[in-house]
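Data first, discussion second: the structure below is written as structure tokens.
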Amino acid sequence: MIVLFDFDGVIADTENQYTKFWDRIGMDYLEMEGFGHTIKGQTLVQIFGKYFAGMQKEQEEIVPQLNAFERGMTYDYIPGAYEFMRSLKEAGIPMAIVTSSNDVKMANAYKAHPELTDLVDRVLTSEHFSRSKPDPECFIKGMEVLGGTPEETVVFEDSFHGIAAGRAAGARVIGLATTNKREAIAPLCNMVIDDFRSLTVKDIAIS
């Protein structure tokens, strides 16, 4: 078994912070409500390419705003996430973080949690793939670097795009009801959890 974790809304309790930031950007630049939910699971390159194409000035304004926002974010663990990941590591199960965030943002996360880089075997960011979720490329890449097959892979995700990417990659998907309601993601996942506090390695074992 190998395990692939999304980061925001799965390991770190950041999704509500991002939603507020992108909701403001959507209103300020596009007059679009609910923009934060619209772009969940997409890389910055994808967001700019789809919604800000040809808007170079606006892109140049948004990037420093995002960088400043991410420097000031809190990166609290989803309850039980660290302890669960430690239990996987102690069991010798390969793990990777697979995130749409870029290296600059993740450097801020490492400052808050320097133990992260030792906890997992690899961290794959937006710089490692050309297509964003719901495309399965990122999780397929995660399987490749950890030497696992779809049949032996467990993916932890919270967003609709992320869940779709995990399913398309052929993995078993466990949904976190941190960003979307449990009843909304349950039909799309093999299992849904609110957090990691009662989860054990045995609970996710693939027979």
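Quantities reported herein were computed from a predicted structural model and do not represent experimental measurements.
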Using a 4.5 Å cut-off on heavy atoms from C-beta on, say whether the side chain of [Y] contacts that of [X].
| X | Y | result |
| --- | --- | --- |
| Asn67 | Val63 | yes |
| Ile193 | Phe84 | no |
| Tyr82 | Ile11 | no |
| Met85 | Met95 | yes |
| Ile163 | Cys189 | yes |
| Val173 | Phe139 | no |
| Leu66 | Leu44 | yes |
| Ile97 | Leu124 | no |

Looking only at non-hydrogen atoms, find the nearest pair between [X] and [Y] and report the distance.
| X | Y | result |
| --- | --- | --- |
| Arg172 | Ala205 | NH1-O, 4.2 Å |
| Met55 | Tyr29 | CE-O, 4.4 Å |
| Gln46 | Ser132 | CG-OG, 3.0 Å |
| Ala164 | Pro134 | CB-CB, 3.8 Å |
| Phe52 | Gln59 | O-NE2, 2.8 Å |
| Met1 | Val201 | CE-CG1, 4.5 Å |

Chi angles and distances behind the ring pair (Phe, Tyr, Trp, His ring centres under 6.0 Å) call for Phe156, Phe196: CA-CA 11 Å; Phe156 284 89; Phe196 293 91; 5.4 Å; yes
Measuring from atom [atom1] of [X] to atom [atom2] of [Y], what distance do you get when rounded to the nearest 0.5 angstrom?
| X | Y | atom1 | atom2 | value |
| --- | --- | --- | --- | --- |
| Ser159 | Ile185 | OG | CD1 | 9.5 Å |
| Asp13 | Asn16 | CG | CG | 6.5 Å |
| Ile47 | Ile39 | CD1 | CD1 | 4.0 Å |

Derivation of the salt bridge (Lys or Arg N to Asp or Glu O under 4.0 Å) call for Glu157 and Lys133: CA-CA 11 Å; Glu157 265 288 358; Lys133 304 166 186 175; 2.6 Å; yes
[X] and [Y]: side chain donor to acceptor below 3.5 Å:
| X | Y | result |
| --- | --- | --- |
| Glu60 | Gln56 | yes |
| Thr125 | Asp103 | yes |
| Glu70 | Tyr18 | yes |
| Thr178 | Glu15 | no |

field: Salt bridge Glu137-Lys141, side-chain N to carboxylate O under 4.0 Å
entry: no
message: Taking CD in Glu33 as the centre, count heavy atoms belonging to other residues, nucleotides or ligands within less than 6.0 Å. Is the count above 12?
response: no
- request: For Glu183, look at atom CD and say whether over 12 heavy atoms of other residues, nucleotides or ligands are found less than 6.0 Å away.
  value: yes
message: Under 4.5 Å between side-chain heavy atoms, counting indirect links through other Ile/Leu/Val/Met/Phe/Trp/Tyr residues: same cluster for Tyr51 and Phe21 or not?
response: yes
task: Determine the sole option in Asn180, Asp8, Thr179 for which the side-chain contact (heavy atoms from CB on, under 4.5 Å) test with Lys40 is passed.
output: Thr179
CA sep, side-chain torsions, deciding dist, call: Phe160, His37, ring pair (Phe, Tyr, Trp, His ring centres under 6.0 Å): CA-CA 10 Å; Phe160 288 113; His37 277 286; 8.7 Å; no
- prompt: In terms of ring plane angle, is the pair Phe7 and Tyr75 parallel, tilted or perpendicular, where the classes change at 30° and 60°?
  reply: tilted
message: If you apply the rule side chain to side chain contact (heavy atoms under 4.5 Å, CB included), what do you find for Val154 with Leu4, and how did you get there?
response: CA-CA 6 Å; Val154 176; Leu4 306 177; over 6 Å; no
- prompt: Donor-acceptor pair, Thr74 side chain versus Asp76 backbone, under 3.5 Å?
  reply: no
task: Could you go through the side-chain hydrogen bond (donor to acceptor under 3.5 Å, both in side chains) check for Asp203 and Thr200 one step at a time?
output: CA-CA 5 Å; Asp203 292 333; Thr200 67; 3.1 Å; yes
